[in-house]
Student: 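Next up is a structure, given as structure tokens.
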Amino acid sequence: MNRNPGYCPREAIGKRVRVTLANGIVVTSPGWPADGKGACRWTLLGLPHDIAAFEVNP
């Protein structure tokens, strides 16, 4: 898994991502859309639901 840079990474644009939230919850299949409608929030606000790490779905 890669650390969340605080913005949608280039390699994730147009794809779905598996994420680990700051509170330890892991969201896997099918993952969340990285951008566009219904996309996840990449900003780091210090909240338990911030994305801590991500992996682009194959």
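Note that these values count all heavy atoms, side chains included, but never hydrogens, waters or copies made by symmetry.
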Student: Could you pull out the closest heavy-atom pair between R16 and G31, with the gap in Å?
Tutor: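 For R16 versus G31, the nearest heavy atoms are NH2-O, 2.8 Å.
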Student: Using 0.5 Å steps for rounding, measure from the OG1 atom of T43 to the CG atom of L45.
Tutor: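 That separation rounds to 4.0 Å.
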Student: Search all heavy atoms of A34 against all heavy atoms of A12 and return the closest pair with its distance.
Tutor: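 Heavy atoms only, the tightest pair is CB-O, 3.2 Å.
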Student: Give, for atom CD of E55 and atom CG of N2, the distance between the pair rounded to the nearest 0.5 Å.
Tutor: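 Rounded to the nearest 0.5 Å, the CD-CG separation comes to 7.5 Å.
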Student: Which value, rounded to the nearest 0.5 Å, describes the distance between T20 atom OG1 and R3 atom CZ?
Tutor: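 Separation between the atoms: 12.5 Å.
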Student: To the closest 0.5 Å, what do you measure between CG (L44) and CG (N4)?
Tutor: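 Reported value, rounded in 0.5 Å steps: 4.5 Å.
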Student: Any heavy-atom pair between the side chains of I13 and C8 that's under 4.5 Å?
Tutor: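 Counting from C-beta outward, C8 and I13 do come under 4.5 Å.
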Student: Write down the atom of T28, the atom of R18, and the distance for their closest heavy-atom approach.
Tutor: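 What the structure gives for the nearest pair is CA-CG, 3.8 Å.
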Student: Pick from Y7, W42, W32: which one makes a ring-ring contact (aromatic ring centres under 6.0 Å, His included) with F54?
Tutor: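 Exactly one option meets the ring-ring contact (aromatic ring centres under 6.0 Å, His included) with F54, and it is W42.
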Student: Between CD1 of I25 and CD1 of I51, what distance do you get to the nearest 0.5 Å?
Tutor: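 Going from the CD1 atom of I25 to the CD1 atom of I51 covers 12.5 Å.
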Student: Of all heavy-atom pairs between P33 and G38, which one has the smallest distance, and what is that distance?
Tutor: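 Closest approach of P33 to G38, heavy atoms only: CG-O, 3.5 Å.
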Student: Ion pair present between K15 and D35, side-chain N to carboxylate O less than 4.0 angstrom?
Tutor: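 Between D35 and K15 there is no salt bridge, as every charged N stays at least 4.0 Å from the carboxylate O atoms.
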Student: Quick one: closest heavy-atom pair of V17 and V19, and the distance?
Tutor: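 Smallest interatomic distance, heavy atoms only, reads CG2-CG1, 3.8 Å.
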